[in-house]
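Below is one structure; the comments refer to it alone.
All of these numbers come straight from a predicted model, not from anything done at the bench. One-based numbering, in listed order, for ligands and for the atoms of each.
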Amino acid sequence: MLVALAFTACHKPTAVEDQFTPLPTHAVRFTGFFEDYIRNSIMNWNKGVVPYAGFVQKFRTGRDFFAQGEMWGKAVRSGCMFYRYTQDPELKEILRSTVYDLLGTQRENHSISCSAVDNQPDGPGGDLWERKYVLLGLDEYYMQVDRDPAVLKAMIGQADCILEQTGPPPKVPIVDQGWSPNHIESGTILEPIMRLYILTKDKRYLDFARYIVEDEGGAKGHNIFEDAANNVIPEQIGGVYPKAYEMMSLFEGLVEYYRITGNDHWKQAILNLYHNIIEKEITIIGNGGGDQPFHPAVMGEAWDNTALEQTNPDMRRMMETCVGVTWLKLCSQVLRLTGDPLAADMIEKYAYNGLIGAMKPTGDGFSYVNLLNGIKTNPEGWGGMVDSVYVTCCNLNGPMGLSYLPFVAIMESKEGPVINLYNPAVADIVTPKDRPLKLEIETDYPVSGSVLVKIEPAKKEEFTVRMRIPAWSIATSLVVNGISVQATAGTYAKISRVWSPGDKIKLELDMRCRVIEAPRGSNRSGDNFRALVRGPIVLARDENIDADFNKPVTLVSTDGYVVVTPEQPISENTNMQFLVPTKDGPIHMVDYASVDSWKGKQICTWLPKK
Ligand SMILES: [Zn+2]
């Protein structure tokens, strides 16, 4: 959070300075595309069906099933991130009301827990994972909504109780607590503990974080951090169950720990995991993890060499929404730390395909796991009924992914603004000399690749505008006030000049439709499939409009590209539809995200070859 860093800067500088920082609250407003998804989610989920009172009640009466106490914190943190974006007073009131309802459940030892004091810490119940989410929900409220000292006091009470109950001998080791085989989920409390350290500068929190990272290694019997530092591939980290979501959540905490300690060993561990996830796990739609062939018993929530196995016909569950959203958040941290444009490419890939492709058209939830071929969406997984609403971890995390899009779309460096996502937007920011600067992004991207950025500084000033040139955009045109500028795929184009009011940047991204050959997994199923990607958009065949959706085809392609023709969508809920030439005549393909599988219709993303 920029606010957190600014707050820190007033007191004591962090050991590591980020390359990019997020813009302040409400600085960015989207004016199209993702805005529709964000509004739909806020209206129908955060301000719609979320049973806040039912979530709080579990802290009085106990959980119905393990880890249920995570629900409150997850619902509140996405609401707080949305509030950061919208400043909507009605949303603020909903959040304020549930936060004070929750504070009323504090137990005599100052814990806010679904477990009675005598049962704490409650390993199989998921008590520490739940208390972590209480801390994250309260922290997000404190940072984004209202700096009420009572909220900070409750966070300190919650954290201090955890420090009293778990830790080095003779206390209970934190890695002895949890429900999964290596208890990795309990160690993820690292992130809110580090956030609390940043807020309070109280050494005991940093000591506790050091204990989790340097003494316990994040999990029982496995040093997750050293495995990553040693370049162990994700599917091999942590033993029998390399749980994707929790592992990345642990590393979100490690990023905060690295920022404060400045120990490059941890930076290496973070970057190794990040690169290995990209190489081994991330599929064509930007998410990862699966059940086949390596982890058939764990519901598709484990790392699984999924990038290589994504066409495996045995796959039944893959790409949990919690995994995609946590990947997006981890990428946003890597982007801030390193300024690596690949991290923004990864965010874009997931946002336009996996994330919005998992959202219910009604806005009140997300798919749990997601398929590339077959019935795309499947809401069944961990969760249960709360006040007659079916709540899952993924329903709770999906909105957090959407709330991160304005947070990452435009950032700033010391030299000037950084444009990461080309969603239409208006941003009010400041120049390196602290003068007002307005940015306007006008575009119908990703329908076309034409983007106009208007730069409106209050006064002439020299600074640098960074424009992300996606790795897939091979033939790019970048023009500033009519003069061409170098633009290389997979880099930021850095435009340094004296900027004046009325200056314009015109970007033409390479929207040619690319043929992607499937990777070869363990059963070489990839030999039989190809897919099409246009700009950031994965195309798919949709059973809703095409009975032959999964029939083998031979694409008409040249040099790895297919000439596709935009056409009026057959279904009114489709974002984009194209006519695609094949040797057997043209077929209709639409953007993956638009395909509606909620009533059982199927999708075909990896096209079988004839
Ligand atoms: Zn989930």
Side-chain angles (χ1 to χ4, degrees), residues 41 45-46 49-51 55 63-79 81 126 129-130 132-133 136-137 178-180 184-186 188 191 234 241-252 277 281-283 285-291 295 297-304 306 315-331 350-351 353-360 363-371 375-386 389-404 597-598:
S41 185
W45 178 254
N46 300 82
V49 299
V50 171
F55 292 163
R63 61 182 78 75
D64 302 328
F65 47 87
F66 79 97
Q68 192 182 15
E70 70 163 41
M71 291 178 172
W72 183 87
K74 280 189 187 171
V76 167
R77 72 173 185 169
S78 70
M81 281 300 287
W129 170 258
E130 295 172 336
K132 158 201 158 164
Y133 271 109
L136 287 175
W179 70 82
S180 77
I184 189 173
E185 65 278 8
S186 298
T188 66
E191 185 189 12
Y241 188 3
K243 201 161 183 332
Y245 161 30
E246 283 77 355
M247 194 184 295
M248 290 187 288
S249 185
L250 188 63
F251 276 74
E252 290 184 278
I277 290 172
E281 295 295 339
I282 296 302
T283 71
I285 63 158
N287 194 351
D291 56 1
H295 303 286
V298 290
M299 304 295 283
E301 297 175 23
W303 292 131
D304 199 46
T306 324
M315 198 80 85
R316 289 294 169 268
R317 292 176 67 91
M318 64 194 296
M319 303 189 292
E320 185 191 4
T321 295
C322 289
V323 172
V325 169
T326 311
W327 171 238
L328 186 161
K329 291 171 71 232
L330 184 62
C331 284
Y350 178 59
N353 300 293
L355 178 62
I356 61 174
M359 186 170 167
K360 284 187 189 171
D364 57 348
F366 279 77
S367 184
Y368 197 104
V369 281
N370 301 277
L371 287 181
I375 299 177
K376 183 180 79 166
T377 45
N378 176 354
E380 299 299 323
W382 178 93
M385 299 301 289
V386 180
V389 180
Y390 179 60
V391 182
T392 66
C393 47
C394 294
N395 283 335
L396 290 157
N397 264 331
M400 189 65 171
L402 291 174
S403 75
Y404 256 62
S597 275
W598 292 94

Dump the intermediate steps for side chain to side chain contact (heavy atoms under 4.5 Å, CB included) on Tyr368 and Cys393, then the final yes or no.
CA-CA 8 Å; Tyr368 197 104; Cys393 47; 3.4 Å; yes

Polar protein atoms near the Zn ion (ligand 1) [N, O or S; cut-off under 2.8 Å]
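Those protein N, O or S atoms (cut-off: under 2.8 Å from the Zn ion (ligand 1)) are Glu320 OE2, Cys322 SG, Cys393 SG, Cys394 SG.
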
Under a 3.5 Å threshold, yes or no: a donor from one side chain and an acceptor from the other, between [X] and [Y]?
X: Thr188; Y: Glu246; result: no
X: Glu185; Y: Tyr245; result: no
X: Thr326; Y: Asn397; result: no

So, for Asn378 and Arg317, which heavy atoms are closest and what is the spacing to 0.1 Å?
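Minimum heavy-atom contact is ND2-NH1, 3.6 Å.
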
Partners passing salt bridge (charged side-chain N to carboxylate O under 4.0 Å, His left out) against Arg63 (at least two apart in sequence or in another chain):
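Per chain and number, Arg63 pairs via salt bridge (charged side-chain N to carboxylate O under 4.0 Å, His left out) with Asp122, Glu130.
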
